[in-house]
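Input: a single structure, listed below in structure tokens.
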Amino acid sequence: MPGFRRWGKSKFQKNPESSFKLLAAILVITLYLIIKEFSNPTVRLRKAPENGAPIQNDVWNGTGGVDTDKAEKVRDAMKHTFWNYHAHAWGYDDILPVSGAGSNSRNGWGAFIVDASTTLALMGLWEELNLCVAHIVSINFTQAHDLVDPFETTIRYLGGLVSLIDLYDAGVIPDKVIDSTTRAKILNRAVTLANALGPAYDTPTGMPWPRVNFNTSQGMGDPPSVYEENPEKPRYRNPVIGPARTGSSILETRTLTRLTGDSIYAANSTRAWAPLVWSKWVSPWDGMVDAPIDVVTGQPVGRQRHWDGGHDSYYEYLVKMTLLAPAADPYLAEYKQRFLDSAYSLREHLASRSASSPGHTMQHLFIGRQDTQWFLNRQGHLACFAPGTILLGSKFYDQPQLHTFALALLEGCHHTYTSTPSKIGPENWSWIPKFGYDDPVYDPQTDRQKQEWRAMGFWAVDEKYKGRPEYVESLFYAWRITGQQRYREWAWEAFSAMDKHCKAPYGYAQLADVFRPTSGEWPGDGEGRWIDMQESFWAAETLKYFWLTFADTSVASLDRWVFSTEGHPFRMIR
């Protein structure tokens with residue numbers, strides 16, 4: 001692996017208890033143990049794991065069965081999504097749900113096909129899955145349209161491929177859809193893709209480059225289009241990366257290493273997140289990572305701390321790695337402690353209860369962000385993943401205080417849904433903190449924002465709904481872990497709203513404004529209420545988590561499966 005060298009003293013204080021030399025030693029030991037662990041892999045074909053973890057509620061009293069009517073409605077939504085894509089955009093990464101055109105935003109390999117495949121498998125939609133598998137085994141992952149994003153490619157494509165194999169090996173997918181020969185072809189596609197992504201990790205720190213050029217097999221920084229689309233994005237001397245992008249490949253690659261016996265995939269991802277887990281930079285909050293981070297030096301170039309977009313799935317993977325990894329992994333206790341430290345730091349420093357407003361006296365718990373010395377009273381829909389992840393950790397680690405905290409956060413996300421006319425929450429929102437901030441960074445500026453704050457206790461900063469799954473994901477975890485019926489009811493309310501307002505001629509569109517969801521509120525034919533975009537995570541996650549919430553609780557049990565940040569299930573072989 002690349003050698004490490006000391007970097008000059010910076011404005012960020014060095015951790016006196018750690019050094020690059022210590023980090024290098026940790027990594028050498030880690031890689032040795034990984035290689036030893038996988039040098040003689042045990043092949044488990046067509047057999048479910050024998051051991052798991054006690055995560056799900058174990059006293060259902062007849063309440064954990066399938067809700068047939070609701071589950072079928074979700075399957076119907078998946079069929080509407082799939083067959084319109086198949087008829088009008090097959091082979092493209094996405095379909096534009098209003099116009100019906102095909103779109104390539106993920107290198108042109110058919111992101112929807114790979115990403116949706118595990119949802120089709122769990123739903124038992126074999127005809128649809130057959131079509132997907134036929135496409136998957138023909139993908140040429142050595143050629144790509146445009147530069148390749150290692151993070152998005154890993155969670156959508158690589159995760160989908162190895163999850164399909166795990167679902168087959170566990171007996172979920174019948175031989176009429178995938179047989180042993182097809183399994184070998186899918187695994188070959190996964191290996192080809194992972195090898196092509198290898199140059200992403202060729203940095204002094206091991207943290208991946210933001211992009212990979214498959215034509216030259218070289219990693220590189222963000223392309224100019226990123227700055228054109230986000231003109232406010234700061235530029236730094238070297239490429240930088242956030243915790244999510246460097247810390248969210250270890251589930252996918254660890255699974256691939258288990259399937260192949262080749263340690264390089266797990267080794268790359270271990271090196272990528274090691275500078276976060278064993279950070280040599282002092283942070284004032286235990287477990288939290290300062291970002292963005294220079295991929296060449298490993299130095300934080302900012303003081304952003306939060307669990308929102310760009311940071312989120314690193315914290316998610318800390319707890320999930322302790323569930324996925326075999327007991328032989330020597331660092332499970334450190335991953336656990338890192339997660340617990342970060343969760344309690346989140347509760348202490350970033351959780352903020354909203355102040356009462358004239359028309360809404362109830363207070364709600366939201367998650368803010370920290371940027372240098374400023375607490376930003378703003379939350380994104382992406383951060384609604386946190387209740388589910390913290391619930392998972394609270395159950396596995398027996399942390400009742402985190403259990404209560406997680407459910408309070410989930411209620412806050414629920415409030416943003418039930419408060420809008422569409423019954424769907426916005427992309428971003430702000431609130432007036434009740435405690436500790438007499439002069440908050442954000443307060444309502446426009447007449448509309450002031451009206452929303454008075455009526456709901458929060459106001460929308462970005463009023464769109466982008467088909468995101470995070471709220472539904474947390475409802476799924478809450479239902480499976482607590483067994484409380486209200487979380488199923490909340491999920492049905494959310495699905496009904498999306499089916500009513502997002503269903504478009506060729507799929508499910510994003511909403512331009514969750515406060516104006518009906519056609520009569522827009523000029524002309526009312527199509528302005530829709531954004532002509534349907535990301536693959538709509539099928540990979542949003543519909544999957546809806547369906548699993550209404551399916552029998554034995555389907556994809558949390559006692560046996562670990563879900564990636566893109567909703568792909570991996571076998572828990574412990």
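- The disulfide (SG to SG under 2.5 Å) contacts involving residues 376-429 comprise C384-C413, where partners must be two or more places apart or lie in separate chains.
- When the shell of 6.0 Å around NZ of K73 is examined, it contains 12 or fewer heavy atoms from other residues, nucleotides or ligands.
- Annotation: cation-pi pair R353/F435 absent, no NZ/CZ under 6.0 Å from the ring centroid and within 45° of its normal.
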Evaluate the side chain to side chain donor-acceptor pair (under 3.5 Å) criterion for residues Y85 and Q534: first the C-alpha distance (whole Å), next the side-chain angles of each, then the deciding distance (0.1 Å), finally the verdict. CA-CA 10 Å; Y85 168 82; Q534 178 189 273; over 6 Å; no
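- Ion pairing between a basic and an acidic side chain is recognised when a charged N comes within 4.0 Å of a carboxylate O; E489 and R486 show no such pairing.
- Salt-bridge annotation for E152 and R211: absent, with no side-chain N of the basic residue lying under 4.0 Å from a carboxylate O of the acidic one.
- In this structure, F396 places its CZ atom where more than 12 heavy-atom neighbours from other residues, nucleotides or ligands lie under 6.0 Å away.
- Proximity of the aromatic rings of W273 and Y335 is defined here by a centroid distance below 6.0 angstrom, and this criterion is met.
- In summary, the aromatic rings of H80 and Y508 are positioned with their centroids under 6.0 Å apart.
- The closest side-chain donor-acceptor pair between S269 and S249 falls under 3.5 angstrom.
- No side-chain heavy atom of D525 sits less than 4.5 Å from a side-chain heavy atom of S519.
- Note that the CH2 atom of W530 and the CG atom of L511 stand 9.5 Å from one another [nearest 0.5 Å].
- The ring of Y471 has its center closer than 6.0 angstrom to the ring center of Y417.
- The line from CG of L276 to CE of M207 is 6.5 Å long, rounded to the nearest 0.5 Å.
- For the pair R448 and W459, the cation-pi test (distance below 6.0 Å, angle within 45°) is failed.
- Counting heavy atoms from C-beta outward, I293 and V240 have side chains that stay 4.5 Å or more apart.
- Side-chain contact, S103 with S105: no donor N or O sits under 3.5 Å from an acceptor N or O.
- With salt bridges taken as basic N to acidic carboxylate O contacts below 4.0 Å, one links R245 and D149.
- Residue V461 is tested with S430, P426, P444 for a side-chain contact (heavy atoms from CB on, under 4.5 Å); the sole match is S430.
- At least one side-chain heavy atom of F366 sits less than 4.5 Å from a side-chain heavy atom of T416.
- A donor-acceptor contact under 3.5 angstrom links the side chains of S99 and D532, judged on distance only.
- Considering only heavy atoms from C-beta on, I390 comes within 4.5 Å of L346 through its side chain.
- Taking each heavy atom of S536 and D94 in turn, the nearest pair found is N-OD1, 3.4 Å.
- Taking the side chain as every heavy atom from C-beta outward, S394 and I481 never approach each other to under 4.5 Å.
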Kindly indicate, with the supporting measurements, whether the criterion side chain to side chain donor-acceptor pair (under 3.5 Å) is fulfilled by K544 and T118. CA-CA 9 Å; K544 179 186 278 120; T118 60; 2.8 Å; yes
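- The shortest side-chain heavy-atom distance between P275 and W281 does not fall under the 4.5 Å cut-off.
- More than 12 heavy atoms of other residues, nucleotides or ligands shown are found within 6.0 angstrom of CE on M456.
- Ion pairing between a basic and an acidic side chain is recognised when a charged N comes within 4.0 Å of a carboxylate O; K464 and D513 show no such pairing.
- The shortest distance between side-chain heavy atoms of L340 and L402 falls below 4.5 Å.
- Of the charged side-chain nitrogens involved, at least one lies within less than 4.0 Å of a carboxylate oxygen, so that E535 and R156 count as a salt-bridged pair.
- Under the 3.5 Å distance criterion, with hydrogens and angles disregarded, a donor-acceptor pair is assigned to the side chains of D443 and Q445.
- Side chains of W278 and E334: a donor on one and an acceptor on the other come within 3.5 Å.
- Note: Y545 and Y477 have tilted aromatic rings, judged against thresholds of 30 and 60 degrees for the angle between ring planes.
- The pair R468-E541 does not count as a salt bridge, with every side-chain nitrogen at least 4.0 angstrom from each carboxylate oxygen.
- Of all non-hydrogen atoms in N57 and G483, the two that sit nearest each other are ND2-CA, 3.8 Å.
- Residues Y465 and T542 approach most closely at OH-CG2, 4.1 Å, considering heavy atoms.
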Are T518 and E521 close enough, and set up right, to give a side chain to side chain donor-acceptor pair (under 3.5 Å), and what steps lead you there? CA-CA 6 Å; T518 62; E521 298 172 285; 2.7 Å; yes
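- Side-chain atoms of S352 and W431 form a donor-acceptor pair, as typed in the model, at a separation below 3.5 Å.
- A donor-acceptor pair shorter than 3.5 Å cannot be found between the side chains of S496 and E493.
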Would you check, one step at a time, whether the test side chain to side chain donor-acceptor pair (under 3.5 Å) holds for H381 with E427? CA-CA 5 Å; H381 191 287; E427 176 74 358; 5.7 Å; no
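- A distance below 6.0 Å separates the ring centres of F458 and H415.
- Checked against the 6.0 Å centroid criterion, the rings of W479 and F476 do not qualify as a close aromatic pair.
- Nearest heavy-atom pair, P517 versus R529, reported as atom, atom and distance to 0.1 Å: O-CD, 3.1 Å.
- Using bins of under 30°, 30° to 60° and over 60° for the plane-to-plane angle, the ring pair F112/F82 lands in the tilted bin.
- Under the 30°/60° scheme for interplanar angles, the aromatic rings of F550 and F546 are found to lie parallel.
- Atom CD of Q484 has more than 12 heavy atoms from other residues, nucleotides or ligands within 6.0 Å.
- Between K233 and D222 there is a side-chain heavy-atom pair separated by less than 4.5 Å.
- In summary, the aromatic rings of Y397 and H403 are positioned with their centroids too far apart to meet the 6.0 Å limit.
- Separation of the H349 and H306 ring centroids does not fall under the 6.0 Å cut-off.
- Here the closest non-hydrogen pair linking G380 and R369 is N-NH2, 3.9 Å.
- In the model, T565 has a side-chain atom that pairs as donor or acceptor with a side-chain atom of E316 under 3.5 Å.
- A cation-pi arrangement is present between R516 and W522, with the terminal nitrogen or guanidinium carbon under 6.0 Å from the aromatic centre and inside a 45° cone about the axis.
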